[in-house]
Trainee: 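Attaching a single structure in structure tokens format; questions to follow.
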Amino acid sequence: MGKVGMDKQAANYIFFRADENEDQFLDEAESKMVFASFDKNNDNMVSMLEYGAVMMDLTHDIIRFKLNKGRLTGMFKMMDKNMDDMLTSDEMGSLLVAMDEDKDGLVSKMEFRKWWMAKMGSDEQSTDLLFGALDADDDGFFGSELEKKGVF
């Protein structure tokens, strides 16, 4: 019988969704939050139905992520102006500038959705999933927080 379970990429996706403070560890509060996300009826137990529903959602998210991987590669190549397979801060920043229609230094969900769907051909649901990953503080925008982390 072959291996059963998820691949490393899927496991990392789930882990990093749970690692709220991005310290590469799950602390007690994060573990409790993960448990609470499964315990939909708040009875301090997770039924097979609750477990199955959350795992199905995660599976769909992972599938959408994997489908977007090719689009992410396309976006990388679009930013890599000198085609050296390395991105400088300026190259990454150019993408942020291109998405930021109102030039306020932040990319709203609508700005991202419009740009990503037009340039990458992605569907709305996958686009919103990716935006959620970029919007680290869930304020409906990304930009400055990514610059502080060195992403852009």
Trainee: Using 0.5 Å steps for rounding, measure from the CG atom of D100 to the CZ atom of F142.
Mentor: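 It comes to 9.0 Å.
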
Trainee: Under 4.5 Å between side-chain heavy atoms, hopping through other hydrophobics if needed: is there a path connecting M99 to V97?
Mentor: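 No, it is not one cluster - the side chains of M99 and V97 are not joined through contacts under 4.5 Å.
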
Trainee: Is the OH atom of Y51 crowded by more than 12 outside heavy atoms at less than 6.0 Å?
Mentor: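 Count not over threshold, so no.
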
Trainee: Counting only N and O atoms by type, is there a donor-acceptor contact under 3.5 Å from the side chain of D128 to the main-chain atoms of G132?
Mentor: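 It does not hold such a pair.
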
Trainee: Do F131 and F76 belong to the same hydrophobic cluster, where Ile, Leu, Val, Met, Phe, Trp and Tyr are linked whenever their side-chain heavy atoms lie under 4.5 Å apart, directly or via other members?
Mentor: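 Yes: a chain of side-chain contacts under 4.5 Å links F131 to F76.
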
Trainee: Just by distance, do the side chain of D90 and the backbone of S94 share a donor-acceptor pair under 3.5 Å?
Mentor: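 No: the side chain of D90 does not pair with the backbone of S94.
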
Trainee: Do you know the tightest heavy-atom contact between V107 and L96?
Mentor: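 Smallest interatomic distance, heavy atoms only, reads CG2-CD1, 3.3 Å.
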
Trainee: M45 and E50: which non-hydrogen atoms are nearest, and at how many Å?
Mentor: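 It is O-OE1, 3.1 Å.
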
Trainee: Under 3.5 Å, is there a donor-acceptor pair between the side chain of E30 and the main chain of E20?
Mentor: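 Judged by distance alone, yes, a pair lies under 3.5 Å.
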
Trainee: Same cluster or not: are V54 and M48 linked, directly or through other Ile, Leu, Val, Met, Phe, Trp or Tyr residues, by side-chain heavy atoms under 4.5 angstrom apart?
Mentor: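 Looking at the clustering, M48 is in the same group as V54.
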
Trainee: Looking only at atom types and distance, does a side-chain atom of E111 sit under 3.5 Å from a main-chain N or O of D102, one as donor and one as acceptor?
Mentor: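 Yes, because the side chain of E111 sits within donor-acceptor range (under 3.5 Å) of the backbone of D102.
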
Trainee: To check you understand the geometry: which heavy-atom pair defines the closest contact between F25 and F15, and what is its length?
Mentor: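 Between these two residues, the closest heavy atoms are N-CZ, 3.9 Å.
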
Trainee: Could you check whether any side-chain heavy atom of V46 comes within less than 4.5 Å of a side-chain heavy atom of K40, counting everything from C-beta outward?
Mentor: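 Answer no - side chains too far apart.
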
Trainee: Could you state whether V34 and M55 fall into the same hydrophobic cluster, counting links through intermediate Ile, Leu, Val, Met, Phe, Trp or Tyr residues with side-chain heavy atoms under 4.5 angstrom apart?
Mentor: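 Yes; tracing contacts between hydrophobic side chains, which count when under 4.5 Å, links both residues.
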
